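Please read the structure below before turning to the comments.
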Protein chains: 2
Amino acid sequence: MWGLSLQVSLQALKAFESAARQGSFKLAAEELSLTPTAISHHISNLESRLNVNLFHRLGRRISLTGTGIRLAKATSDGFRKIDSALEEVMKAGSSVRVTTTSSFAAMVLIPSQHEFEQANPDISMEISTGESVDSQSYIIPIRFGDVSVAEDADVIKSESFNVFGTYGMAPPSWSNEPITLFTTEWKNQSLPAPPLAAWLEKNGLDGSNIKLKKFDQELFGIQQAMTENGLVFCSTTLSKRLLKSNLLQQFETRSVKSDLCYYVPNKHSFETRSAIRFLNWIEYMLNQ
Amino acid sequence: MWGLSLQVSLQALKAFESAARQGSFKLAAEELSLTPTAISHHISNLESRLNVNLFHRLGRRISLTGTGIRLAKATSDGFRKIDSALEEVMKAGSSVRVTTTSSFAAMVLIPSQHEFEQANPDISMEISTGESVDSQSYIIPIRFGDVSVAEDADVIKSESFNVFGTYGMAPPSWSNEPITLFTTEWKNQSLPAPPLAAWLEKNGLDGSNIKLKKFDQELFGIQQAMTENGLVFCSTTLSKRLLKSNLLQQFETRSVKSDLCYYVPNKHSFETRSAIRFLNWIEYMLNQ
DNA sequence: TAGTTTAGATGATTTAAACTCATCTACAAG
DNA sequence: CTTGTAGATGAGTTTAAATCATCTAAACTA
């Protein structure tokens, strides 16, 4: 590429293209935030360099010559293609677009969005929910899944589970009385279930007095526990902020690890600086 | 066009595109006649401006990121389109390409090509023969035709005809002896015939002793006249240089105007400076 | 393995392109 | 006829682009 045309000024071509498209040096100057003088100089220099006339000058009106028309079309097409790609890249470079589960969005992302944006005033965060594979290259999907399925490098949080209750309620008598426990049954049946059995064993409980009430989103179980002064078995990730806010409390029970995790498929492919900063931030926040 | 990307340096994009396409800052520097330092600065500045990483740096090797790949494709496509158009325009700006009849090429253009190029050292002339309509925008067709068909502004020479003989031969006795006269019968039957009748009348000759020998190109008649020490009835344009070179001579006969002419269809559409200079030169040369 | 070569990174300085300012012309508008 | 305005041009200023000098670290070679 760039044989004879190596020395042709791209700035001049840009000025020419704008003037050609709008039929006016003045309007070109406005579009490019220059003076009409600059446009005039660029075009004259370009005409000398190329040894052609690109415009007819009719008093103070201009019109394109045949050569000018042909060059204008090519430069318009070429610059439009470049400009579109730049817009896409720049948009990606100044915002973080994340899609995730409703529970993660509600319990983690949305509550901490402000914190992220304050720490990164040059980046805006856009959150959506949904599980479809998004074809746009710049949307970061935070998925909930089986740790044995996700690539190690993609996992941002391995989930632990515990029982939590409304703030202020008396610790339950695990052995003596019937207990209602809210929990989750995932719509996606291929996912490992919440590790309630492992939790019972770890805490030396036989669970025969526990009545389970299941929802299809962790969010609903948590909300119901808070509303009904009850108990919920859910992830420590989702309950973390609620603990801090004294909306939920934890008892003497110990949390258990699970085979469930949050992960970002092909995490390494998100290479914009804002994506990298976001991913570093979310991973640190989840695991500190 | 040019929203957020107005301030992005096109020089930097050019450097990036070259480095991306060749996988090397060093090769990009060579292609663009810059130092590798300049390329490195351009790319770093571009990455800062766009807030993305375009290359992975692996020691002293580089490879494109996903974003880099996408931007590289768009900029390659865009710049290629621009470069192709520039090449075409610059070629047109530094050469004159003419297509014309064999006779006009042989008798006028080729003999004076050197004169034109010496007067215009920055322009090269390329001559071809043929009558097909050429779709390329920058080839100037000099056509031979009927003056009533051509646009006035397109006519570069209105033809006159006369009889010429080999240099040194005795003037013919128009009334006493049989005369062989070479002339032309155009392949294109729609053209007016050479105005022999009008010439006879203007010169007070009845022509009953003249035997015509016809060729389908004026060039052939002229050559035959010189070869056989004979007479040819042809255009003053084609014979002009031969007269000056004492290869042909004119007698006391008077030339006659004709309805034939040389013309350039859509002459005004040739707007490169070299085309304009050529057309001005040829018109002056033919009519002085 | 040690020495040499080489591609890219970085900061400082220099150069040249790009830009504005001031003034002008000539046409359009009132 | 006067005023307004788009483009042209030369001079001066500013800034982007380039080079220079030096560095690092990886690749290559003996």
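Order of the sequence lines sets the chain letters (A, B, ...), proteins ahead of strands, with each chain counted from 1. This is a predicted model, so every value here is computed, not measured.
The two residues A:A20 and A:A72 have their closest heavy-atom pair at CB-CB, 3.6 Å. Scanning both residues, A:K240 and A:L286, for their nearest heavy atoms gives NZ-O, 3.9 Å.
Residues A:R21 and A:E31 form a side-chain contact, since some pair of their non-hydrogen atoms from C-beta on lies under 4.5 Å apart. Contact of the A:M1 side chain with the B:F79 side chain is registered, since non-hydrogen atoms from C-beta on lie closer than 4.5 Å. Counting heavy atoms from C-beta on, the side chains of B:T67 and B:N53 never come closer than 4.5 Å. Within the 4.5 Å cutoff, the side chain of B:V52 has no heavy atoms near those of the A:R273 side chain.
In this structure, the helix from C:dT1-D:dA30 to C:dG30-D:dC1 shows an angle of 40° between the axis at its start and the axis at its end, each fitted on 5 base pairs and rounded to 10°.
Under a 4.0 Å N-O distance rule, the pair B:K73/B:D77 qualifies as a salt bridge.
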Quiz item: Can B:Q22 and B:S18 be said to form a side chain to side chain donor-acceptor pair (under 3.5 Å), step by step?
Solution: CA-CA 6 Å; B:Q22 300 183 92; B:S18 181; 3.0 Å; yes

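Within residues 10-25 of chain A, the residues approaching DNA chain D are A:S24, A:F25, by heavy-atom distance under 4.0 Å. Contacts between residues 41-72 of chain A and DNA chain C, defined by a heavy-atom separation under 4.0 Å, are made by A:H41, A:H42, A:G59, A:R60, A:R61.
In this structure B:Q7 satisfies the side-chain contact (heavy atoms from CB on, under 4.5 Å) test together with B:R49, sequence neighbours excluded. Partners of A:Y262 by ring-ring contact (aromatic ring centres under 6.0 Å, His included), not counting sequence neighbours, listed by chain and number: A:F104, A:F144.
Reading DNA chain D from its 5' end, the first and the last nucleotide to sit under 4.0 Å from a heavy atom of chain A are D:dG4 to D:dA11.
Heavy-atom distances to DNA chain C give each of A:S33 and B:P36 a nearest nucleotide, and the one nearer the 5′ end belongs to B:P36.
No option in B:Y284, B:F116, B:F270, B:Y138 other than B:F116 meets the ring-ring contact (aromatic ring centres under 6.0 Å, His included) test with B:F278.
In B:D152, the CG atom is not crowded: 12 or fewer heavy atoms of neighbouring residues, nucleotides or ligands sit closer than 6.0 Å.
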